[in-house]
Amino acid sequence: MGERLGWRVATEAALYGPEGFYRRPEGPGAHFRTSVHASPLFAEAVARLLCRVDEALGRPRALDFVDMAAGRGELVTGVLAALPADVASRARGYAVEVAGRPAGLDHRIEWLAEPPKGITGLLFANEWLDNVPVDVAEVDSAGVPRLVLVRRDGRERLGEPVSGPAARWLARWWPLPAEEGLRAEIGLPRDEAWAAAVATVGRGLAVAVDYAHSAGARPPFGTLTGFREGREAAPVPDGSCDITAHVALDACALPGGRVLTQRDALRALDISGARPPLALASTQPAAYVRALASAGEAAELTATGGLGDFGWLLQPVGIAAGTPDTPLDGLLVDVPDHEEQ
Ligand SMILES: C[S@@+](CC[C@H](N)C(=O)[O-])C[C@H]1O[C@@H](n2cnc3c(N)ncnc32)[C@H](O)[C@@H]1O
């Protein structure tokens with residue numbers, strides 16, 4: 001209880017150590033709802049994206065789909081089920097997870113601890129980077145950013161001034177004014193984790209989806225939070241809860257990367273949340289009820305103030321994504337600042 005560690009080391013042990021939160025049998029779905037759990041429409045949209053990548057790649061003989069940080073493999077299961085037969089017959093599904101393979105998972109899905117190297121297709125990481133542990137900096141009374149140290153019970157005190165690559169990352173991506181109490185999460189390990197994941201894509205697209213913020217609009221006190229049984233809780237690094245912090249996706253982006261909102265990404269993938277026409281209610285009541293339920297789910301996935309505000313970081317590798325004659329046209333939009341990176 002007594003030893004104080006930086007948040008990165010403390011979180012690593014709390015989430016992924018032998019008794020870690022993500023090793024538990026119930027899986028993350030028991031503690032919070034991601035877009036994957038919110039609606040099957042999400043997996044269907046990702047399947048449509050995989051089909052667009054397939055076309056951009058010229059319909060390769062084997063098309064890979066990697067569900068990075070797969071939880072219990074819910075997304076890869078849904079994506080494979082939603083593919084049209086001519087694509088499904090060439091698709092290979094992989095789930096990459098720290099936790100063990102769940103019983104009953106489709107035997108065609110390969111369960112791995114690391115992403116396979118040199119894939120041709122789509123690597124999709126939904127709510128992974130927010131769980132890549134980071135250190136936290138806090139400005140002291142002299143205006144100096146210091147590392148925050150934490151005990152297993154969540155009690156904090158300030159440690160050494162932030163220095164080296166972490167200090168350079170802060171200066172570039174999250175400069176802290178000299179005002180006591182301001183805080184920032186040092187996103188460097190996420191930039192590195194994302195770069196390593198993208199490096200496993202031989203040709204295709206890598207996508208990271210997460211709660212995000214960007215330069216100029218960082219939260220002044222950071223976003224480090226706990227989640228336990230569906231509720232927000234104090235972040236305590238004892239393995240009893242999830243520990244998460246929103247992601248500086250603009251810092252993660254590699255050259256050629258683009259960030260857009262989930263709302264825009266899903267609209268580009270034909271999910272709008274529009275209600276069905278009322279006339280359908282009298283002519284085909286059952287179809288109307290189904291369409292209404294589906295519109296409700298789409299509205300949740302694209303909601304302002306909710307999942308719709310999530311960021312999608314799109315990172316094409318070796319495909320001309322975003323040019324007028326490619327199937328990804330319309331999905332990739334420019335992000336101001338990108339050229340500076
Ligand atoms: C918030 S859950 C998201 C699960 C799923 N992608 C979803 O959207 O429902 C984060 C998952 O990332 C996994 N994870 C974290 N770091 C990982 C890594 N380096 N490699 C594989 N899985 C990782 C955790 O074990 C956990 O299951």
Chemist: How long is the straight-line distance from CG of Leu83 back to CG of Asp86, given to the nearest 0.5 Å?
Modeler: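 CG of Leu83 is found 9.0 Å from CG of Asp86.
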Chemist: Mind telling me whether Phe42 and Trp312 have parallel, tilted or perpendicular rings, with 30° and 60° as the class edges?
Modeler: perpendicular
Chemist: Are Leu80 and Leu57 co-members of a hydrophobic cluster defined by side-chain heavy atoms under 4.5 Å apart?
Modeler: yes
Chemist: Heavy-atom distance under 4.5 Å between the side chains of Phe124 and Met68, does that happen here?
Modeler: no
Chemist: I'd like to know whether Val259 forms a side chain to side chain contact (heavy atoms under 4.5 Å, CB included) with Ser214, so could you lay out the CA-CA distance, the side-chain angles of the two residues, the decisive distance to 0.1 Å, and finally the verdict.
Modeler: CA-CA 10 Å; Val259 182; Ser214 52; over 6 Å; no
Chemist: Do you know the tightest heavy-atom contact between Ser282 and Pro285?
Modeler: O-CD, 4.2 Å
Chemist: Let me check something: do Ile319 and Leu269 share a hydrophobic cluster, defined by ILVMFWY side-chain heavy atoms less than 4.5 Å apart, either directly or through other members?
Modeler: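 Same cluster.
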Chemist: Would you sort out whether Ile186 and Val136 count as a side chain to side chain contact (heavy atoms under 4.5 Å, CB included), showing the intermediate values?
Modeler: CA-CA 6 Å; Ile186 305 169; Val136 177; over 6 Å; no
Chemist: Examine distances only and state if a side-chain atom of Arg190 and a backbone atom of Leu129 form a donor-acceptor pair shorter than 3.5 Å.
Modeler: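 A pair under 3.5 Å: yes.
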Chemist: In Å, rounded to the nearest 0.5 Å, how long is the span from CD1 of Ile119 to CZ of Arg92?
Modeler: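 Ile119 atom CD1 to Arg92 atom CZ measures 9.5 Å (nearest 0.5 Å).
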Chemist: Below 30° counts as parallel, above 60° as perpendicular, anything between as tilted: where do the rings of Tyr22 and Tyr16 land?
Modeler: parallel
Chemist: Should Thr34 and Val209 count as side-chain neighbours, where that means a heavy-atom distance under 4.5 Å?
Modeler: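 With C-beta onward as the side chain, the pair stays apart.
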Chemist: Any donor and acceptor pair, going by atom type alone, linking the side chain of Arg90 with main-chain N or O of Pro60 inside 3.5 Å?
Modeler: yes
Chemist: First locate atom CD of Glu55, then atom CG of Leu50, and finally report the distance between them rounded to the nearest 0.5 Å.
Modeler: 10.5 Å
Chemist: Which value, rounded to the nearest 0.5 Å, describes the distance between Arg151 atom CZ and Leu5 atom CG?
Modeler: 11.5 Å
Chemist: Quick one: are the ring centres of Tyr94 and Phe65 less than 6.0 Å apart?
Modeler: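 Tyr94 vs Phe65: aromatic centres not under 6.0 Å.
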Chemist: Counting N and O atoms only, with roles assigned by atom type, does the side chain of Arg203 sit under 3.5 Å from a partner on the main chain of Thr120, one being a donor and the other an acceptor?
Modeler: no
Chemist: In terms of hydrophobic clusters joined by side-chain contacts under 4.5 Å, are Trp174 and Leu182 together?
Modeler: yes
Chemist: Does Arg8 have more than 12 heavy atoms from other residues, nucleotides or ligands lying within 6.0 Å of its CZ?
Modeler: no
Chemist: For the backbone of Gly239 and the side chain of Arg24, can you confirm whether one donor and one acceptor N or O come within less than 3.5 Å of each other?
Modeler: yes
Chemist: At their closest point, which heavy atom of Ala206 faces which heavy atom of Val201, and how far apart are they?
Modeler: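 In terms of heavy atoms, the two residues are closest at CB-CG2, 4.2 Å.
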Chemist: Keeping the roles fixed (side chain from Asp130, backbone from Val247), state whether a donor-acceptor pair exists under 3.5 Å.
Modeler: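 Checked: no pair found.
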Chemist: Roughly how far, to the nearest 0.5 Å, is CG of Leu266 from CZ of Arg48?
Modeler: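 One gets 9.0 Å once the value is rounded to the nearest 0.5 Å.
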Chemist: Pairing donors with acceptors under 3.5 angstrom, does anything connect the side chains of Asp191 and Trp169?
Modeler: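 Result is yes, a qualifying pair exists.
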Chemist: Above 12 or not: heavy atoms from other molecules or residues under 6.0 Å from CZ of Arg23?
Modeler: yes
Chemist: Membership question, hydrophobic clusters at under 4.5 Å side-chain separation (ILVMFWY): are Leu41 and Val289 in the same one?
Modeler: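 Different hydrophobic clusters.
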Chemist: So does Pro133 get a backbone contact from the side chain of Glu12, meaning a donor-acceptor N/O pair under 3.5 Å?
Modeler: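 No, the answer is negative, given that no donor and acceptor are paired below the 3.5 Å cut-off.
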Chemist: Search all heavy atoms of Pro165 against all heavy atoms of Leu188 and return the closest pair with its distance.
Modeler: CB-CD2, 3.8 Å
Chemist: Please list all pairs meeting salt bridge (Lys or Arg N to Asp or Glu O under 4.0 Å) that have one or both residues in residues 28-38, counting only residues at least two apart or in different chains.
Modeler: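 Every pair satisfying salt bridge (Lys or Arg N to Asp or Glu O under 4.0 Å) with a residue in residues 28-38: Arg33-Glu300.
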Chemist: Please give me the minimum heavy-atom distance between Ile243 and Pro235, naming the atom from each residue.
Modeler: CG2-CB, 4.4 Å
Chemist: Decide yes or no on side chain to side chain contact (heavy atoms under 4.5 Å, CB included) for Asp242 and Leu15, but give the supporting numbers first.
Modeler: CA-CA 7 Å; Asp242 184 24; Leu15 297 187; 3.9 Å; yes
Chemist: Say whether Glu156 and Trp7, considering side chains only, have a donor N or O and an acceptor N or O under 3.5 Å apart.
Modeler: yes
Chemist: Determine whether Asp309 and Thr261 make a side-chain contact, defined as any pair of heavy atoms from C-beta on separated by less than 4.5 Å.
Modeler: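 They are not in contact (no side-chain heavy atoms under 4.5 Å apart), so the answer is no.
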Chemist: Using the rule that two of Ile, Leu, Val, Met, Phe, Trp, Tyr join whenever any of their side-chain heavy atoms come within less than 4.5 Å, decide whether Leu301 and Tyr211 are in one cluster.
Modeler: yes
Chemist: Can you see which heavy atom on Gly187 is nearest to which on Val134, and at what distance?
Modeler: CA-CG1, 4.1 Å
Chemist: Are the side chain of Thr302 and the backbone of Ala298 linked by a donor-acceptor contact shorter than 3.5 Å?
Modeler: yes
Chemist: Report yes if some heavy atom in the side chain of Pro115 is under 4.5 Å from a heavy atom in the side chain of Leu123; otherwise report no.
Modeler: yes
Chemist: Just verifying a value: how many Å separate Glu179 CD and Ser141 OG, rounded to the nearest 0.5 Å?
Modeler: 13.0 Å
Chemist: Does any non-hydrogen side-chain atom of Gln262 lie less than 4.5 Å from one of Ser35?
Modeler: yes
Chemist: Around atom CZ of Arg101, are there more than 12 heavy atoms from other residues, nucleotides or ligands closer than 6.0 Å?
Modeler: yes
Chemist: Going by heavy atoms in the side chains, are Tyr288 and Leu278 under 4.5 Å from each other?
Modeler: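 They are in side-chain contact.
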Chemist: If we only count heavy atoms from C-beta on, is the Gln315 to Cys252 side-chain gap below 4.5 Å?
Modeler: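 No. Closest side-chain heavy atoms not under 4.5 Å.
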Chemist: Between Pro177 and Val139, which heavy-atom pair has the shortest distance, and what is it?
Modeler: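 Heavy-atom minimum between the residues: O-CG2, 3.6 Å.
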Chemist: Could you go through the side chain to side chain contact (heavy atoms under 4.5 Å, CB included) check for Leu292 and Arg275 one step at a time?
Modeler: CA-CA 6 Å; Leu292 204 56; Arg275 292 166 69 94; 4.0 Å; yes
Chemist: I'd like to know if the side chain of Glu97 and the backbone of Gly71 have a donor-acceptor N/O pair within less than 3.5 Å.
Modeler: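 Yes; at least one donor-acceptor contact below 3.5 Å.
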Chemist: If you measure only the distance, is there a donor-acceptor pair under 3.5 Å linking the side chains of Arg228 and Ser240?
Modeler: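 On atom types as modelled, these side chains qualify, holding a pair under 3.5 Å.
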Chemist: Does the Glu185 side chain pair with the main chain of Thr223, one donor and one acceptor, at a distance under 3.5 Å?
Modeler: yes
Chemist: Can a donor-acceptor pair be found, under 3.5 Å and without considering hydrogens, that links the side chain of Arg218 to the backbone of His213?
Modeler: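 Yes, Arg218 side chain to His213 backbone: donor-acceptor pair under 3.5 Å.
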